[in-house]
Amino acid sequence: MSNKRGLFALSPLMVFIVVYLAGSLIAGDFYKIPLTVAFMIASVYAVAISGGLTLAKRIEHYSNGASTSNLILMLWIFVMAGAFANAAKSMGCIDATVNLTLSLLPGNMILAGLFVAACFISLSVGTSVGTIVALTPIATGLATSTGASTPLLVAVVVGGAFFGDNLSFISDTTIVATSTQHCRMSDKFRVNLYITLPAAIIILIAYILIGKEIQSPTTVPGVEYAKVIPYLVVLVVAACGMNVMAVLTIGILLTGIIGIVCGAFDIFGWMGAMGEGITAMGELIIITMMAGGLLEIIKVNGGIDYLIGKITSRVNSKRGAELSIAALVSVVNACTANNTVAILTVGDISKKIGNRFGLDNRKCASILDTFSCCTQGLLPYGAQVLMAAGLSQTNPVGIIPYLYYPMTLGAVALLAIILRYPKKFS
């Protein structure tokens, strides 16, 4: 594919970046241009430039991208999460959980404690989304109670969520990375530990230091323990590896039962709270669908194939081969907004690169998983950041500067390639 045609295929993504990023910088405010509007403009442009196809066919491709099975599943999770979060808030569950946390943890340990909790849950569950659903409302409540930055506390949860997404044996990314590179999960896990552990320790220390600025409220209200039950149950069953949809269903039922028994609302109040929560997720659902459609048009027009060809065209060393795999999965991830799909897309070609240059397949699997998680964790239009933003009612772009763990993990992983670390697998 020619440079001109390849760049043309990628131009819808560039239009989105220019409209949103450049427009927001000119306005001096990232809240001035709604993400929905930026995606709508880029989507109309993407459909318009798809030559050689009828308008009906272009719209069909766009619609297919906006309605893949993975994406629709994500939308159902958004709906259930919205219902659970608002029902829990209306019955006082979040306030009770926040008060319990404040009574157990001093203010200066809240960031570190939240990060460790997110790491543990995501490692157990194997999904970043489930962790974000479980902990984001608590992080938002803690921010309100302590006066800390809401985007910062939400970012702590998102970062910890990707720790487990990257390492867990039951994570989709781990399964796909090891299967495409033909290595055992336990071997890939060992390689990953050399990279993720230093990054996690650095960030944990950073959160302890940053947390010194956070002060617990002088008076913490008494804990209504019955109202803590929905969140405790959700955290426990999530940590046991239960499907996120089942976790949310249990949580919703518990908010109804306990909320009615405690007199927080009647059955109609419970339903009304769920309805408001679902409605509040509307913008998030629209953004997710438009992003899926836009990225499908880029794929159909050959944008992803062009990227793969360009990135791999000048590889001539082991270090260069590893860097090309990292760049490949990162760029494709940015174009698909799904780390599992990105690994699937470039997995075979990464295996061929590895075979050609004699790379360790365990290191290749680790590179694929780690860099896809780093990229996914920093996308303002990625499902995880959008979910966290929706549940905390913040701008997704406002969370990005505080995502210290994905940034640090990316830097450590890049150094591991440049310095040929760990030696045993390089």
Side-chain angles (χ1 to χ4, degrees), residues 64-78 81 121-133 158-185 188-189 191-192 196 238 241 243-245 288-289 291-296 298-299 303-305 307-308 325-351 361-362 364-388 406 409-410 413:
N64 288 340
S67 59
T68 62
S69 58
N70 283 336
L71 191 142
I72 293 298
L73 175 60
M74 189 61 63
L75 299 188
W76 288 128
I77 293 172
F78 290 169
I121 293 170
S122 60
L123 192 60
S124 305
V125 180
T127 167
S128 49
V129 172
T131 306
I132 289 166
V133 167
V158 175
F162 276 102
F163 174 87
D165 196 331
N166 184 17
L167 274 180
S168 176
F169 282 84
I170 57 174
S171 166
D172 288 349
T173 55
T174 293
I175 294 167
V176 174
T178 52
S179 61
T180 58
Q181 302 310 298
H182 304 164
C183 68
R184 293 187 301 177
M185 290 187 191
K188 177 258 183 189
F189 179 82
V191 180
N192 252 31
T196 38
N243 181 281
V244 65
M245 293 288 281
T288 305
M289 293 184 73
L294 175 69
L295 299 170
E296 180 66 17
I298 291 172
K299 181 180 177 183
I304 291 177
D305 289 338
L307 284 172
I308 291 173
I325 291 172
L328 202 57
V329 75
S330 299
V331 176
V332 172
N333 200 137
C335 291
T336 58
N338 186 306
N339 44 350
T340 305
V341 170
I343 296 172
L344 275 170
T345 303
V346 305
D348 287 342
I349 193 165
S350 297
K351 179 61 178 167
N361 57 357
R362 297 166 293 184
C364 289
S366 177
I367 289 171
L368 282 172
D369 198 344
T370 302
F371 279 93
S372 70
C373 284
C374 292
T375 305
Q376 184 70 16
L378 293 169
L379 293 179
Y381 52 90
Q384 290 83 352
V385 174
L386 286 175
M387 170 69 83
L409 180 61

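Keep in mind the model is a prediction, meaning the values are calculated, not measured.
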Intermediate values then yes/no, side chain to side chain contact (heavy atoms under 4.5 Å, CB included), Thr345 and Lys299
CA-CA 11 Å; Thr345 303; Lys299 181 180 177 183; 5.6 Å; no
Could you walk me through whether Met185 and Ile175 pass the side chain to side chain contact (heavy atoms under 4.5 Å, CB included) test, one step at a time?
CA-CA 7 Å; Met185 290 187 191; Ile175 294 167; 3.4 Å; yes
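Of the inter-residue distances, the one linking Lys351 atom NZ with His182 atom NE2 reads 6.0 Å to the nearest 0.5 angstrom. Here the CG-OG distance, from Asn339 to Ser330, works out to 11.0 Å after rounding to the nearest 0.5 Å. To the nearest 0.5 angstrom, Leu328 atom CG is 11.5 Å from Ile343 atom CD1. Atom CZ of residue Phe162 and atom OG1 of residue Thr370 lie 12.5 Å apart, to the nearest 0.5 angstrom. Between the CD1 atom of Ile325 and the OG atom of Ser350 there is a distance of 4.5 Å, given to the nearest 0.5 Å. Remark: Leu295 CG to Asn338 CG distance equals 10.0 Å, nearest 0.5 Å.
A heavy-atom distance below 4.5 Å is found between the side chains of Asn166 and Leu409. Side chains of Thr178 and Arg184 form no contact here, defined as non-hydrogen atoms less than 4.5 Å apart.
Sorted pairs that involve residues 163-173 and meet salt bridge (Lys or Arg N to Asp or Glu O under 4.0 Å), not counting sequence neighbours, are lacking altogether.
Put simply, the side chain of Tyr381 never gets that close to the backbone of Leu386: no donor and acceptor are under 3.5 Å apart. Using modelled atom types, one side-chain atom of Ser179 and one backbone atom of Val176 make a donor-acceptor pair closer than 3.5 Å. Side-chain N or O atoms of Thr174 include one that pairs as donor or acceptor with a backbone N or O of Ser168 at under 3.5 Å. Side chain of Gln181 to backbone of Arg362: no donor-acceptor contact under 3.5 angstrom is found. Under a 3.5 Å cut-off, the side chain of Asn333 and the backbone N or O of Ala342 do not form any donor-acceptor pair.
In terms of heavy-atom proximity, Thr375 sits nearest to Ala334 at CG2-N, 4.0 Å. Gln376 approaches Gly382 most closely through the heavy-atom pair NE2-CA, 3.8 Å. The two atoms that bring Leu71 and Thr288 nearest to each other are CD1-O, 3.5 Å, heavy atoms only. Nearest heavy atom pair, residue Val329 against residue Ser372, reads CG2-CB, 3.9 Å. In terms of heavy-atom proximity, Gly65 sits nearest to Glu296 at CA-CB, 3.5 Å. Shown here for Ala161 and Ser122, the closest heavy-atom pair between the two residues is O-CB, 3.2 Å.
Considering only residues two or more places apart in sequence or on other chains, Ser366 meets the side-chain hydrogen bond (donor to acceptor under 3.5 Å, both in side chains) condition with Asn192.
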